[in-house]
Chemist: 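Starting off with a structure, shown below.
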Number of protein chains: 2
Amino acid sequence: MLTQAAEDYLKSIYKLQEKGGKVSTGILAEYLDVKPASATGMIKKLKSMNLVSHERYQGVTLTDAGKAIALEIIRHHRLLELYLFKALGVPWDGVHEEAEKLEHVISEDVEARMDAFLGYPTADPHGSPIPDKNGVVPKTISIPMTELQNGQSCVVAEVNDNDSALLRHLGSFNLYPGTAFRVIEVAPFEGPFTIDIAGQQAVIGREVAKNIFVSNVQETDIV
Amino acid sequence: MLTQAAEDYLKSIYKLQEKGGKVSTGILAEYLDVKPASATGMIKKLKSMNLVSHERYQGVTLTDAGKAIALEIIRHHRLLELYLFKALGVPWDGVHEEAEKLEHVISEDVEARMDAFLGYPTADPHGSPIPDKNGVVPKTISIPMTELQNGQSCVVAEVNDNDSALLRHLGSFNLYPGTAFRVIEVAPFEGPFTIDIAGQQAVIGREVAKNIFVSNVQETDIV
DNA sequence: TATATAATTTAGGTATACCTAAAATAATTT
DNA sequence: AAATTATTTTAGGTATACCTAAATTATATA
């Protein structure tokens with residue numbers, strides 16, 4: 001069994017790898033809120049276990065074995081989030097923190113039972129895909145809300161899950177994955193978005209919109 | 001926040017204190033499967049936090065603060081066991097091990113939600129009392145099954161929860177808390193018990209019977 | 001290209017919680 | 001009471017995972 005810290009490193013490397021290019025020691029350290037020297041140490045340890053590849057000053061990459069573990073932890077995390085949300089009614093801005101602790105201790109058996117209870121879901125409460133037991137991640141096609149134009153309608157596909165206050169804010173507008181809305185107006189000069197959600201108007205600032213990803217984008221006639 | 005190890009020590013001291021008299025370093029170490037020297041170290045640490053009282057060579061006692069924490073952990077554990085059993089269908093011989101890990105990471109919020117889901121229960125799947133939020137332990141009146149006489153009927157109140165194989169064995173006879181049975185015959189010379197459970201006969205050895213505690217004992221006419 | 005800046009790694013230190021082996025203390029037996 | 005045995009504690013060591021500070025290596029600027 002890996003330590004919790006090692007699991008967190010693998011998970012973080014995976015997420016950073018997904019987001020963008022090279023995962024440097026510094027980026028990884030910042031993401032995990034530790035000092036670069038600590039990241040160097042853990043990278044050496046993970047390398048000795050053949051879970052990551054690493055050349056000095058060149059950044060880290062997950063090996064197949066490391067990626068499999070990372071995906072397993074992410075699966076635990078996202079299934080737990082959805083379970084807490086659906087079965088116990090934990091608000092969506094609280095599930096992340098809770099799952100962060102549980103993901104390291106839940107057994108495969110309990111996970112399978114939650115999976116069955118939830119009907120083998122493919123996305124967590126924030127819209128993030130849940131990898132299956134074999135580490136296959138369901139594909140989701142979505143674009144940042146910031147790319148939307150006047151008059152376009154769409155459905156919320158996914159939102160960033162790492163900011164509780166933001167999630168509460170989005171919740172107050174009902175901006176959950178699955179919710180449809182239409183862009184009434186994008187203010188010029190990178191301004192805020194005025195949108196229509198089920199007949200209600202809402203103004204969404206650009207910084208907030210950056211955290212929202214949408215799908216099913218369609219041109220609509222202005223009513 | 002206490003470390004997981006410290007919480008386990010407090011919980012163990014509480015349980016050993018319940019069972020019998022003085023909790024010595026050696027007894028505690030054996031119970032936790034660590035060396036006596038390790039127990040000495042942790043006792044010193046807990047004493048410095050005013051969670052236990054300890055005089056060299058005299059055994060440990062929980063302070064009020066230590067007892068409160070011990071009861072909180074035990075509450076977590078037993079609520080989790082019942083939740084896993086009822087909500088997720090985990091077999092009763094598996095819930096202990098699972099709860100052992102979860103009890104240290106579950107939040108008060110999630111615990112309160114499980115408590116409500118379960119209807120504020122007072123006993124776990126093995127019949128052990130669940131302390132309430134204030135640390136009050138529901139009183140249970142029960143006697144060891146080994147004290148039963150021919151012809152007496154009773155209800156299973158509690159069974160020892162620390163042996164999976166035993167629990168599976170009891171489960172195969174339906175000997176769960178709440179199940180009623182009648183003693184048909186106690187074999188002489190400390191022999192096994194022949195009992196009647198819902199019309200089915202079963203033979204329960206003495207070593208097994210020592211792990212079963214019963215209540216509502218009544219004399220019955222032999223039919 | 002030389003120098004300044006930034007990123008990374010090494011070296012050495014902290015805290016937790018375990019270990020073994022030896023010393024100290026208590027309890028039991030002769 | 002003395003000697004043996006058992007228990008407990010001290011002393012010193014291991015592994016994990018973090019830290020700071022200094023040294024190294026790479027990158028950017030003059």
Side-chain angles (χ1 to χ4, degrees), chain A residues 1-17 19-62 66 69-70 73 100-101 103-105, chain B residues 1-17 19-62 66 69-70 73 100-101 103-105:
Chain A
M1 248 298 265
L2 286 181
T3 61
Q4 184 168 324
E7 287 182 349
D8 279 332
Y9 272 88
L10 291 175
K11 188 176 70 164
S12 301
I13 294 165
Y14 178 86
K15 288 194 174 183
L16 291 169
Q17 224 168 247
K19 253 193 227 181
K22 200 181 82 169
V23 180
S24 67
T25 304
I27 296 279
L28 182 58
E30 193 195 351
Y31 188 80
L32 283 162
D33 199 25
V34 297
K35 301 295 162 189
S38 305
T40 297
M42 182 60 88
I43 287 165
K44 282 174 84 169
K45 191 188 155 185
L46 293 172
K47 190 183 176 183
S48 78
M49 294 190 273
N50 283 308
L51 299 174
V52 302
S53 306
H54 182 241
E55 295 302 322
R56 315 163 87 247
Y57 294 89
Q58 294 305 124
V60 241
T61 323
L62 292 175
I69 293 171
I73 307 294
E100 203 66 27
K101 298 175 298 178
E103 66 188 15
H104 302 288
V105 299
Chain B
M1 250 298 265
L2 286 181
T3 61
Q4 184 168 324
E7 287 182 349
D8 280 333
Y9 272 87
L10 291 175
K11 187 175 70 163
S12 301
I13 294 166
Y14 178 86
K15 288 194 174 181
L16 291 169
Q17 225 169 246
K19 253 193 225 180
K22 200 181 82 170
V23 180
S24 68
T25 304
I27 295 280
L28 182 59
E30 193 195 351
Y31 188 81
L32 282 163
D33 199 25
V34 297
K35 301 296 162 189
S38 305
T40 298
M42 182 60 88
I43 287 165
K44 283 174 83 170
K45 191 188 155 184
L46 293 172
K47 190 183 176 184
S48 79
M49 293 190 273
N50 284 308
L51 298 174
V52 302
S53 305
H54 182 242
E55 294 302 321
R56 313 163 86 250
Y57 294 88
Q58 295 304 125
V60 241
T61 323
L62 291 177
I69 293 172
I73 307 295
E100 203 65 26
K101 299 174 297 178
E103 66 188 14
H104 301 289
V105 299

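The sequence lines fix the lettering, A, B, ..., with proteins before strands; numbering per chain opens at 1. The structure displayed is predicted, hence computed values, not measured ones.
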Chemist: Identify the nucleotide, in any strand shown, that forms a Watson-Crick or G-U wobble pair with C:dT28, with both distances under 3.5 Å; if there is none, say none.
Modeler: D:dA3
Chemist: Taking side chain to side chain contact (heavy atoms under 4.5 Å, CB included) as the test, write out the residues that go with A:Ala37, two or more places apart.
Modeler: none
Chemist: Applying salt bridge (charged side-chain N to carboxylate O under 4.0 Å, His left out), can you list everything that pairs with B:Lys45, at least two apart in sequence or on another chain?
Modeler: none
Chemist: According to salt bridge (charged side-chain N to carboxylate O under 4.0 Å, His left out), who are the partners of A:Glu30, at least two apart in sequence or on a separate chain?
Modeler: none
Chemist: Take atom CD of B:Glu30 and atom P of C:dC19, then tell me their distance rounded to the nearest Å.
Modeler: 13 Å
Chemist: In chain order, what residues pass the side chain to side chain contact (heavy atoms under 4.5 Å, CB included) check against A:Glu100, with sequence neighbours excluded?
Modeler: A:Asp8, A:Lys11, A:His77, A:His96, A:Glu103
Chemist: Among all residues two or more places apart in sequence or in another chain, which pass the side chain to side chain contact (heavy atoms under 4.5 Å, CB included) test with A:Val34?
Modeler: A:Tyr9, A:Ala29, A:Leu32, A:Ser38
Chemist: Sugar-phosphate means primed atoms, P, OP1 and OP2; the rest is base. With that split, encode nucleotides 5-18 of chain D 5' to 3' as B, S or - using protein heavy atoms under 4.0 Å.
Modeler: --BBBB-----SSS
